[in-house]
Amino acid sequence: MHFSEDDLRFALRRKDPGAGFTQRLMARINQAETNSFASSKIETRYSPLWLPLKLRAALTPVLIAGLAMAGWLGIAQYQQLQKRRSGELARRETMLALRITTAKLNHVFDRVRASRKAKSGESSYENNP
Amino acid sequence: MKTTRKNQRWPNLFLGLILFCLLPLSGFAQNARLQLTNLEKLSGKALEVNDITLEGDMLQLAVKFMEADHDPDAALVKEMIKGLKGIYVKNFEFDQPNQYSPGDVTDIRVQLAAPGWSKIVENRNIKHAENNEIYVMEDGGKVAGVAILVAEPRELTVVNIVGSIDLDKLSALEGKFGIPSQNERPRRKLSGEASQ
């Protein structure tokens with residue numbers, strides 16, 4: 001292929017853009033600006049969701065571990081509380097059981113002692129009226 | 001040949017079955033625990049009910065809890081309940097006399113008439129319409145259980161202690177850890193005893 005100087009001059013000659021070129025240009029500029037504004041708006045609105053995707057991947061195990069730890073601590077706390085409650089109940093019931101047992105035991109002993117006393121009083125009266 | 005083997009198995013199986021059937025009976029004979037469920041119906045009539053069931057684990061838990069709280073009575077209670085398997089208390093206080101039937105008490109006495117139990121104290125007070133009894137179950141020279149039965153017109157108390165306990169030590173607990181002593185306690189009916 002060979003191009004002569006005249007061919008090149010012909011190809012690169014000035015051309016008239018035609019009527020309405022300015023309007024068309026301005027319209028295109030406006031459209032491009034609108035598009036870029038809309039996309040930037042979407043970007044800003046949803047950025048917390050899709051922008052830190054990489055970060056989210058790294059944070060997920062940390063969050064799971066945190067939740068598991070909090071759950072475990074909660075269960076441990078609950079078990080501790082339950083143990084304390086049952087311990088307190090056991091202590092109260094043991095003391096009450098011992099209290100009733102001792103009181104009744106001594107009540108019986110007192111009755112026996114009193115009856116023996118009465119009997120010995122009677123016999124001493126019989127011996128020494 | 002096979003038939004002979006089968007025949008040899010039968011006496012063993014039969015013996016095993018008999019032993020299996022006798023096993024609960026042997027346990028029952030040495031069990032110092034009384035069945036007090038027949039008294040539960042009195043809860044509705046009573047003004048005050050103290051129904052306590054403390055098994056071995058609960059007793060140990062109580063001691064542990066007292067020790068952890070640095071309770072000064074912990075050592076005393078621990079010493080007292082170390083040989084115990086259970087404490088069962090049924091105490092009913094009524095606002096009117098004769099709210100329980102003699103049959104309720106007889107049910108307990110029937111159980112206490114079983115082999116192993118022996119009555120060590122009996123006090124019948126006709127004047128106060130009161131029956132006081134203490135039973136002990138002995139196993140190999142050791143106390144395996146105690147039963148205290150106090151039947152007053154307005155109060156019925158059954159205490160069943162399963163395990164080894166020293167009654168003198170228990171009696172000496174009065175005045176300690178909130179147990180009122182004889183002088184502190186209101187003496188409701190004690191005067192001019194006349195009993196057996």
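Throughout, protein chains are lettered first and strands after them, A, B, ... in sequence-line order, and every chain is numbered starting at 1.
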Just how far is it from atom CZ of A/F109 to atom CG of B/D168, taken to the nearest 0.5 Å? 6.5 Å
Of all heavy-atom pairs linking A/A97 and B/I52, the shortest is N-CD1, 3.6 Å
Within a reach of under 6.0 Å around CD of A/Q82, are more than 12 heavy atoms found that belong to other residues, nucleotides or ligands? yes
Hey, what do you get for NZ (A/K104) to CD (B/E152), rounding to the nearest 0.5 Å? 4.5 Å
Locate the shortest heavy-atom distance separating B/S171 from A/T102; write the atom from each residue and the value. O-CG2, 3.9 Å
Non-hydrogen atoms of B/T53 and A/E93 that approach each other most closely: O-OE1, 4.2 Å
Looking at B/K82, I'd like to know if its NZ atom is crowded, meaning that more than 12 non-hydrogen atoms belonging to other residues, nucleotides or ligands lie closer than 6.0 Å. no
Under 4.5 Å between side-chain heavy atoms, counting indirect links through other Ile/Leu/Val/Met/Phe/Trp/Tyr residues: same cluster for B/L39 and B/V162 or not? yes
Any side-chain heavy atom of B/E130 within less than 4.5 Å of one from A/H107? yes
Are A/T101 and B/V146 packed together at the side-chain level, in the sense that at least one heavy-atom pair is separated by less than 4.5 angstrom? no
Is A/T94 close to B/L61 at the side-chain level, that is, under 4.5 Å between some pair of heavy atoms? no
Same hydrophobic cluster for A/F21 and A/M26, using side-chain heavy-atom links shorter than 4.5 Å among ILVMFWY? yes
Interatomic distance, B/N50 atom CG to A/R99 atom CZ [nearest 0.5 angstrom]: 10.0 Å
Give a yes or no on whether B/D57 atom CG has more than 12 heavy-atom contacts from other residues, nucleotides or ligands under 6.0 Å away. no
If you round to the nearest 0.5 Å, how far is OG1 of B/T157 from CG of A/L105? 12.0 Å
Do B/L42 and B/L47 sit in one hydrophobic cluster, given that two such residues count as connected whenever their side-chain heavy atoms are within less than 4.5 Å of each other, even indirectly? no
A/R84 versus B/F65, closest heavy-atom pair with distance: O-CE1, 3.5 Å
For the residue pair B/M66 and A/M95, establish whether any side-chain heavy-atom pair is separated by less than 4.5 Å. yes
If one checks every heavy atom of B/L167 against chain A at 4.5 Å, the contacting part turns out to be both
Supply the atom-to-atom distance A/R111 CZ to B/N123 CG, rounded to the nearest 0.5 angstrom. 7.0 Å
Output the option from B/I134, B/V121, B/N91 having the highest count of non-hydrogen pairs under 4.5 Å with chain A. B/I134
From the list B/I148, B/N132, B/V159, the residue making the most non-hydrogen contacts under 4.5 Å with chain A is B/N132
Mark yes when over 12 heavy atoms from residues, nucleotides or ligands other than B/K119 sit less than 6.0 Å from its NZ; otherwise mark no. yes
Could you check whether atom CZ of A/R24 has more than 12 heavy atoms from other residues, nucleotides or ligands sitting under 6.0 Å from it? yes
